[in-house]
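Written out below as structure tokens is the structure these notes cover.
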There are 4 protein chains.
Amino acid sequence: MNARSTALVADTGRRNEAAILNAAIQAFGTKGFNGASMRDVAKGAGTSLSNLYNYFPSKSKLLAAALRHANLELQSRVLDAIDLAGDDAPSRLREAVRAHVGFVVDHQVATLVATNEVRYLDPEDRAALVADRDATQAAFERIVAQGAAEGSFRTPYATDAARAILSTVGAIASWYRPDGALSRGQLAEQYARYALALLEGPLAR
Amino acid sequence: MNARSTALVADTGRRNEAAILNAAIQAFGTKGFNGASMRDVAKGAGTSLSNLYNYFPSKSKLLAAALRHANLELQSRVLDAIDLAGDDAPSRLREAVRAHVGFVVDHQVATLVATNEVRYLDPEDRAALVADRDATQAAFERIVAQGAAEGSFRTPYATDAARAILSTVGAIASWYRPDGALSRGQLAEQYARYALALLEGPLAR
Amino acid sequence: MNARSTALVADTGRRNEAAILNAAIQAFGTKGFNGASMRDVAKGAGTSLSNLYNYFPSKSKLLAAALRHANLELQSRVLDAIDLAGDDAPSRLREAVRAHVGFVVDHQVATLVATNEVRYLDPEDRAALVADRDATQAAFERIVAQGAAEGSFRTPYATDAARAILSTVGAIASWYRPDGALSRGQLAEQYARYALALLEGPLAR
Amino acid sequence: MNARSTALVADTGRRNEAAILNAAIQAFGTKGFNGASMRDVAKGAGTSLSNLYNYFPSKSKLLAAALRHANLELQSRVLDAIDLAGDDAPSRLREAVRAHVGFVVDHQVATLVATNEVRYLDPEDRAALVADRDATQAAFERIVAQGAAEGSFRTPYATDAARAILSTVGAIASWYRPDGALSRGQLAEQYARYALALLEGPLAR
DNA sequence: GATGAATGAGGTTTCATTCAT
DNA sequence: CATGAATGAAACCTCATTCAT
């Protein structure tokens with residue numbers, strides 16, 4: 001359970017693939033997709049510029065691969081958390097939000113890249129990624145719908161609430177500092193409560 | 001009250017300045033700061049490439065000027081709304097959020113540029129812009145503090161709530177379509193309620 | 001009548017255009033289209049690499065422009081010569097061949113580029129060029145047909161003879177040296193006779 | 001008598017050598033020497049990129065080997081044809097031309113490569129190849145000289161005529177299509193007559 | 001103000017070739 | 001013989017910026 005490892009992609013068979021993907025996330029996160037050069041990525045990965053092209057056919061495909069990895073990790077964390085939660089909507093929402101916050105904090109840079117640089121993908125890759133992302137959002141939407149049906153969430157705007165919650169959680173990546181005042185756990189708790197409150201659901205105490 | 005005009009910057013004394021600034025917003029919004037070229041901006045503004053440099057000394061300063069305009073407009077809208085609102089925190093929050101949502105909808109592209117491209121400014125310009133932005137955020141924070149003191153907002157996490165609210169409102173820019181299901185007014189109303197609920201404040205009905 | 005000037009393209013309004021086109025012919029002639037770099041062309045033209053792109057949008061378009069110029073010059077020389085010749089097919093053929101040989105000798109490199117590097121053009125540009133070239137060939141074909149009808153050319157293969165003649169003339173460019181044994185005029189005379197003989201037409205004496 | 005086999009190089013002892021040579025001819029013929037990559041050749045040969053270097057030490061040497069094969073085949077066809085012909089110059093010329101045309105048609109691509117890409121050889125390899133080619137041309141020149149001495153060829157330009165003939169024959173490679181109007185045999189006959197006519201020799205009928 | 005021409009730096013990508021296995 | 005991974009050099013092209021007019 002090294003869920004909090006800083007590297008998003010684990011080493012695989014092909015020696016440099018993980019290093020390249022992680023370096024790409026860092027480079028694109030620091031300088032933006034167009035601001036970062038393939039040389040930057042190569043340097044970060046500790047390999048040569050031309051060798052990048054033995055792994056990924058273009059800069060754009062490299063971004064696509066990196067984002068695909070990030071999204072899969074996020075998705076599995078969130079879905080796993082929901083599976084392990086209770087049956088009532090508030091519990092499920094709470095765990096989903098906590099898992100999402102956990103991912104954002106563990107992979108802050110990847111989260112930023114995923115929100116800011118998607119536009120630079122090929123249309124096909126972008127569509128695929130958006131579909132993946134929508135799948136995660138759909139899990140939240142199902143919970144919201146369940147809670148609205150059960151009467152535990154009383155906001156009149158349940159339909160769009162998932163989007164509002166997810167955008168706040170994602171934005172954490174743009175300001176969180178590991179050495180800040182809030183611990184990882186406190187932050188997750190806080191945002192879980194924000195989410196429940198926003199839905200006008202039952203709050204502790 | 002042409003608050004909903006599509007152009008962010010109105011014509012000024014200098015003949016092309018507004019055209020250039022608006023073209024810059026469009027170009028940076030469409031292709032990103034590094035993806036858009038000064039040629040793109042010139043074409044959008046209907047002038048020549050070299051003429052841009054008679055107005056702005058560098059691409060980076062052009063971005064800075066555009067963002068400064070956007071921030072000033074946002075700030076004045078929000079502060080004006082607060083001034084016109086009642087004295088109690090919930091009313092003030094409601095109007096502030098409604099004004100902010102209005103700006104985001106009216107200047108969607110500028111909002112996106114302001115959140116995604118700030119990083120490409122010179123350190124000084126970025127600092128100045130962040131300060132401006134913080135001033136707007138501070139207005140929200142004051143309202144939250146007031147409400148917490150009055151007892152109308154009961155969230156245990158009042159300190160950070162302003163940030164959560166503002167990030168959700170800003171994110172509207174990334175998905176709103178003028179021809180979508182929600183009108184401008186409905187959207188503002190919806191997000192005002194989200195904000196009050198998130199703060200665990202008094203909701204209508 | 002500086003028909004024998006070594007530069008194919010005369011200076012025009014845009015200062016460097018002619019220099020670039022001539023340098024391109026030289027570079028592509030010496031090293032081939034793919035073997036020559038845009039830097040080679042720039043150096044030959046006495047300008048900077050990037051400035052080439054202010055005149056031609058791509059290497060391929062530069063080749064297209066150069067070949068267009070060459071073909072136009074060849075075509076005008078041949079058609080003019082035919083216009084000035086007598087009415088009978090043998091005279092017309094003689095003058096057409098002499099004019100063609102003159103072009104090949106005057107613009108040896110351009111002739112080589114035109115035959116060897118056409119394949120590297122965009123499909124559209126290639127089609128346009130081939131159409132131009134076919135127009136020149138058609139002039140020869142008309143003469144051959146006229147002579148066959150008049151009975152002055154008696155080869156049983158008149159239809160394809162124009163192609164055979166033109167290929168031999170074009171091949172001169174691959175071996176001719178100005179300081180060789182044959183003068184420009186002698187060469188033209190010799191190939192005119194080859195052409196008439198190949199068509200089984202009336203030879204002097 | 002598989003003179004018309006499409007592959008220029010027959011299988012040899014070394015398993016892949018012929019495949020590589022034939023793939024090289026195709027690749028260089030399609031994209032030019034500098035336009036084709038060693039990867040293209042490897043793909044065409046059905047082997048790996050690095051394996052090419054077990055057979056040929058460099059791209060340039062690969063071209064040299066391919067052209068050597070082509071020239072040997074051409075030379076042997078032409079010399080054999082002359083050996084089998086009668087003693088008089090016209091018969092010998094006729095057979096030589098027919099054999100040459102046959103080679104061009106059977107190995108169209110190789111002929112194109114041999115004329116267009118020789119320039120990319122090392123100086124030594126180029127010299128060797130030109131010497132080989134000159135040997136073939138010399139055979140034609142001897143026939144022309146013989147005919148001029150016998151009085152059967154009456155052109156005043158006998159010395160250079162061989163070159164004119166060979167260039168026309170070689171040019172067939174740039175336009176011949178197997179499904180065109182002329183059969184292989186008709187084409188050979190036609191060009192044999194062109195050659196005799198050009199030399200002002202005795203024509204049938 | 002306004003423009004067209006010019007340029008140096010740097011970007012992505014390809015490629016011939018090498019090497020360890 | 002055969003391969004996959006690796007690399008330095010160089011290719012085409014773009015771009016922010018400058019300058020003379």
Worksheet entry | Rounded interatomic separation in angstrom, taking CZ from A:Phe56 and P from F:dA5 |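 Checked: the CZ to P distance equals 12 Å.
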Worksheet item: In whole angstroms, how far is the P atom of E:dA5 from the CD1 atom of C:Ile20?
Response: 11 Å
For the backbone of [Y] and the side chain of [X], can you confirm whether one donor and one acceptor N or O come within less than 3.5 Å of each other?
| X | Y | result |
| --- | --- | --- |
| B:Arg126 | B:Arg119 | yes |
| B:Asn22 | B:Leu8 | yes |
| D:Arg68 | D:Asp132 | no |
| D:Arg133 | D:Thr115 | no |
| C:Lys43 | C:Ser48 | no |

Discussion item. Working note: D:Leu129 + D:Asp125, criterion side chain to side chain contact (heavy atoms under 4.5 Å, CB included); need CA distance, chi angles, decisive distance, verdict.
Written reply: CA-CA 6 Å; D:Leu129 197 84; D:Asp125 289 324; over 6 Å; no
Worksheet item: If you find the nucleotide of DNA chain E closest to A:Ser60 and the one closest to C:Ser50, which residue's nucleotide is nearer the 5' end?
Response: C:Ser50
Practice prompt. Find which nucleotide of DNA chain E each of A:Lys59 and C:Asn51 is nearest to by heavy atoms, and output the residue with the more 5' nucleotide.
Written response: C:Asn51
Worksheet item: Is any NZ, NE, NH1 or NH2 atom of the basic residue among A:Glu117 and A:Lys59 found under 4.0 Å from an Asp or Glu carboxylate oxygen of the other?
Response: no
Check the phosphate of [N] against [X], side-chain N and O only, distance under 4.0 Å to OP1 or OP2. Yes or no?
| X | N | result |
| --- | --- | --- |
| B:Tyr55 | E:dA2 | yes |
| A:Asn16 | F:dA6 | yes |
| B:Thr47 | E:dT3 | yes |

Worksheet item: Could you go step by step and tell me if B:Leu63 and B:Val113 meet the side chain to side chain contact (heavy atoms under 4.5 Å, CB included) rule?
Response: CA-CA 9 Å; B:Leu63 173 62; B:Val113 174; 4.0 Å; yes
Nucleotide nearest [X] (side chain, heavy atoms from C-beta), chosen from [options]:
| X | options | value |
| --- | --- | --- |
| C:Ser48 | E:dA2, E:dT7, F:dA16 | E:dT7 |
| A:Leu49 | E:dG1, E:dT12, F:dC1 | E:dT12 |
| A:Tyr53 | E:dT14, E:dT17, E:dA6 | E:dT14 |

Worksheet item: DNA chain E: stems of at least 3 consecutive Watson-Crick or G-U pairs, cut-off 3.5 Å?
Response: E:2-21 with F:2-21
Practice prompt. Using a cut-off of strictly less than 4.0 Å between a heavy atom of the residue and any atom of DNA chain F, enumerate the qualifying residues of residues 31-46 of chain C by number.
Written response: C:Ala36, C:Ser37, C:Met38
Discussion item. Applying a 4.0 Å non-hydrogen cut-off, can you work out what C:Leu52 is touching in the nucleic acid: base, sugar-phosphate, or nothing?
Written reply: nothing
Discussion item. Using only modelled atom types and a 3.5 angstrom limit, is any donor from either the side chain of C:Asn54 or the base of E:dA6 paired with an acceptor on the other?
Written reply: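 Under the 3.5 Å cut-off, the side chain and the base do form a donor-acceptor pair.
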Practice prompt. With the side chain counted from C-beta on, respond yes when B:Leu21 and B:Tyr55 share a heavy-atom pair under 4.5 Å apart, and no when they do not.
Written response: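 The answer is no, as the side chains (C-beta and beyond) never meet within the 4.5 Å cut-off.
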